[in-house]
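Within every chain, numbering begins at 1; the chains are lettered A, B, ... in the order of the sequence lines, protein sequences first and strands thereafter. Quantities reported herein were computed from a predicted structural model and do not represent experimental measurements.
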Amino acid sequence: MLAEKYPEEVKQILGRYPPEQKRSAVMPLLFMAQREEGFVNKEAKHEIASMLDISETEVASIIGFYTLYHAKKEGKYRFQVCNDLPCALRGADKFLEGLCDKLGVQVGETTNDGFVTIETVMCLAACDKVPMFQTQSPNGIKYYENMTIDKTMELIEVLKMADKEVK
Amino acid sequence: MTKQVTLTIDGIQIDVPDETLVVDAAKKAGIDIPVFCYHPKMEPVGMCRMCLVEIGRPMINRSTGQPVLNEDGQPTMQFMPKPETACTNLVSEGMVVLTQSESAKEAQKDIIEFLLTSHPLDCPICDKGGECPLQNLTMEHGPGKSRFLFDGKFKMEKQIRLGELIVLDRERCIICARCVRFQEEVAGQAVLAIDDRGRGSEIISVSEPGFDSVFSGNTTDICPVGALTTTDFRFGARPWELLSAASICGQCPVGCNITFNTRREAKSAGKVVIKRVMPRQNEQVNETWICDKGRFAYHYAKSKERLSKPLLRKDDKLKTTSWSSATKLVAEKLGEAGKDTIVLASGRLSNEDLFNLKSLADGLGGKAVLYTEMGGGDLVTQIGVGQGTNFSDMGQGDAIFVIASDLYEEAPIWWLRVKQAADRGAKLIVANSRETKLDKFANFVVRYSNGDEVKTVQDLGGTGKIAQAFSKADNAIVLFGSDGLGLEGSTHLATACANLLEETGHIGKANNGLIGVWPKANDQGAWELGFHPEPDLAAILKGKAVYIVGADPANDNPALAKALKKAKFVVVQDLFRTATAELADVILPAQTYTERDGTFTSGERRAQRFYAAVPGLGESKPDYAITSEIAEKLNIQLEGTSSVLVFEKLAASVKDFAGLSYAKLAEVTEQWPIVGRGDLYYGGSTYENTQGLGVQLVSASDRGETVSIPKVRNDAGLRPKKDELLAVPITKLYDRGTTVAPTEFLTERIGDVTIALHPEAAKKLGVEAGKRVKISFEDVEGEAVVKIDETISAGVALVPRSMGLAIREPVVIKVQ
């Protein structure tokens with residue numbers, strides 16, 4: 001339970017909004033809930049809804065609307081490759097295909113070790129540095145630009161090592 | 001302040017208030033602008049873009065503030081470069097709207113083309129087919145062909161259940177969000193929402209149970225495509241095969257205007273049957289909505305368990321007999337009993353039935369008793385709400401006080417309208433001994449201990465903040481119920497409420513007065529016609545001839561079952577062979593109100609007509625006709641051939657009904673919004689009211705007469721003593737009553753019989769939520785599932801009525 005685990009942080013988030021508009025706190029609370037496992041689980045949805053006096057359906061709808069919120073468990077790192085038109089023109093599609101082949105997954109799937117999920121996203125405003133992607137993980141969101149498949153595979157190894165050390 | 005502005009739409013000049021939207025102004029001018037997402041009862045969102053029109057406004061010279069004139073001396077019109085949405089633009093002085101220009105028509109055509117790029121062509125199997133806004137508007141405005149070559153229709157599982165009552169077909173949904181907005185804005189229960197975005201958008205509900213709202217059926221009426229359908233009507237019939245009959249919902253005292261859609265079908269052995277219930281517009285009663293109980297619980301009328309022939313007890317067995325021998329015996333026995341006759345009737349009956357029953361009782365010198373556990377009708381009859389009362393007119397400056405009633409469960413449409421009045425700024429005061437769903441919308445929530453109902457009302461006559469909000473209000477209405485109360489408690493409560501209204505001057509004018517949230521649809525009518533409940537019914541039945549109509553006392557109360565066994569003669573007139581009927585000497589089969597004409601009087605004292613929708617079952621007859629047949633054999637002259645004749649007699653003898661007639665009750669006036677004509681896309685498939693808005697009765701207070709209200713002591717209520725557990729009755733919308741339970745798909749919503757306990761009480765008894773316990777009181781024994789309610793006091797337990805435990809009034813119970 002978020003309120004039990006992070007009482008101070010929850011209090012601080014709720015404190016940012018006037019009580020009659022506390023529903024606005026849904027965004028930071030969802031962000032906080034997602035930090036735990038990389039997605040917002042059912043219990044968190046329920047807790048946030050009752051904390052803010054909104055329905056669970058509304059919370060689910062907000063998660064559904066924003067691409068950075070997730071309702072299902074996927075890989076620890078989400079590699080979100082931009083393949084919008086300008087990126088596609090500069091070879092993002094080819095990069096994506098190659099990366100998927102190398103990892104043995106399709107877009108939207110997760111590697112067997114549960115570490116990487118490949119996703120595509122719309123414009124990340126870095127059209128001049130394609131191929132590019134962002135990673136979304138419990139450690140936040142990070143951009144990687146002017147990438148190649150080799151550099152990406154190296155990056156995955158580095159991230160895995162860092163992950164082990166933490167463990 | 002609003003002011004009138006003049007604008008021109010397609011060459012037609014029209015004056016409307018300046019807060020009118022272009023789409024509504026056009027509607028008033030008789031011009032239909034196509035819409036999908038716009039609905040006249042909800043805030044505009046401009047999501048679907050279907051209502052694109054060209055709008056021109058007079059060019060204003062900024063230095064002089066005067067319109068710029070052209071060579072002909074006419075104002076120069078300034079049009080936006082692109083068409084605008086008629087649903088989001090307000091009218092303005094001198095505006096020119098073109099709905100048929102080339103650019104407007106092109107835009108409308110394009111929107112249809114876009115919508116159809118991902119709409120399945122399954123009209124032949126779609127329930128909406130025949131009354132589908134998308135289908136109709138495609139025929140009227142669509143391009144006929146698509147230029148869209150990409151084969152990318154949205155494919156989804158054909159049906160998902162949003163709950164047991166509503167089915168969603170996501171492929172058909174055009175994301176107009178009418179359903180989502182209805183639940184949020186109108187119903188105040190945001191249990192629907194849109195998941196994902198773009199082409200992936202879909203309607204979801206994750207509530208428990210699914211689509212947890214008693215207003216859910218309304219979303220199927222306003223859905224402009226076949227995305228939302230009811231499990232009840234799904235694949236039931238095609239709209240063009242259906243006939244319609246105007247009626248009044250018989251489930252609660254709100255008196256919602258409804259339409260029964262019927263069809264003669266092979267499936268029902270060639271009989272005419274009701275296929276669905278639709279709302280019928282009455283802006284003063286239910287607007288364009290009905291609750292799910294009213295929509296779905298009609299199945300009892302066609303139950304196989306219905307009585308179809310008179311039965312007579314012979315050798316201690318009930319055997320079929322003829323009407324003449326049955327009524328002959330009844331007349332003989334009632335005649336013998338004379339003044340020892342008791343007519344026991346419920347508010348399920350129509351005014352005509354009750355009038356005849358009362359006349360029969362009077363003719364014999366007997367007693368007409370109302371079968372109910374809620375009192376106070378005498379006062380409501382005299383005070384009532386002022387003529388012209390309409391919750392929709394209440395808002396800023398007004399106050400509404402709801403006490404001892406869980407409106408959401410007892411009278412959902414009142415809940416909805418009271419909540420909307422609060423949305424408009426009316427001060428809402430909700431007083432109850434427990435939390436109810438209305439609390440969320442209240443300005444003031446008063447939580448009293450059971451037994452303190454009268455005191456709570458009297459405190460409102462004081463000087464506190466809440467009392468001021470009530471007494472200083474321009475208009476104020478009190479709704480009182482019997483939540484946690486029996487006959488005695490609710491009578492005291494009504495008296496206290498009447499006193500409060502009189503002291504604060506909130507009587508005798510529109511939007512002021514007293515409303516009883518009665519358990520039955522026509523309880524108010526019964527009070528009007530002189531029926532009264534009896535405090536100790538069991539005591540007076542012994543040795544009497546009892547004529548029981550539309551009531552099942554033996555099932556509700558073991559003491560009454562015992563008492564009936566000691567009665568001299570019992571005749572039961574009902575739809576079903578009830579527990580009471582089993583004790584009868586004669587059983588007379590009555591028709592349901594769907595099978596005959598009549599009138600009900602709503603809790604707001606509005607007399608309203610209902611019309612026969614289907615033929616009567618077997619040999620059953622209307623209640624008033626049966627009574628008149630019996631009376632005839634006793635030389636008491638009553639009307640029995642037609643309900644209109646009974647009503648004429650009634651209107652001639654009951655003061656508050658003076659001057660009323662069936663013709664008067666059938667009168668209609670123009671209502672806004674305009675619904676139910678050729679333009680289903682505008683207001684939804686709600687029926688237009690062409691058969692009567694009813695008439696609100698004039699009360700003694702309306703006439704300026706003084707009403708004598710007794711005083712009541714503030715310690716009159718029942719309270720639990722130390723170490724006692726006092727069970728108090730509450731009302732559930734979906735219960736096991738005879739007019740609900742036969743609708744099988746409601747079983748899950750009806751659920752188990754429960755007992756709600758305070759956590760402390762549960763702890764003391766060593767039980768927890770979900771546990772089944774044994775309950776006993778007086779002659780009653782039964783089981784219930786424990787629920788925890790932190791909002792009640794520790795000495796009190798809540799037990800729902802009509803759920804299997806015969807609770808009628810606060811009673812001390814034992815729990816094991």
More than 12 foreign heavy atoms under 6.0 Å from [atom1] of [X]: is that the case here?
{"X": "B:Lys158", "atom1": "NZ", "result": "yes"}
{"X": "A:Lys94", "atom1": "NZ", "result": "no"}
{"X": "A:Asn112", "atom1": "CG", "result": "no"}
{"X": "A:Arg16", "atom1": "CZ", "result": "yes"}
{"X": "B:Gln468", "atom1": "CD", "result": "yes"}

Just verifying a value: how many Å separate [X] [atom1] and [Y] [atom2], rounded to the nearest 0.5 Å?
{"X": "A:Phe65", "Y": "B:Ile194", "atom1": "CZ", "atom2": "CD1", "result": "9.5 Å"}
{"X": "B:Glu184", "Y": "A:Glu58", "atom1": "CD", "atom2": "CD", "result": "5.5 Å"}
{"X": "A:Thr57", "Y": "B:Gln183", "atom1": "OG1", "atom2": "CD", "result": "10.0 Å"}
{"X": "A:Ile63", "Y": "B:Ile204", "atom1": "CD1", "atom2": "CD1", "result": "9.0 Å"}

| message | I need the residue from B:Asp212, B:Val180, B:Val206 with the largest number of non-hydrogen atom pairs under 4.5 Å to chain A. | response | B:Val206
| said: Tell me whether A:Ser61 contacts the main-chain N or O of B:Ala193 through its side chain, where contact means a donor paired with an acceptor under 3.5 Å. | reply: no
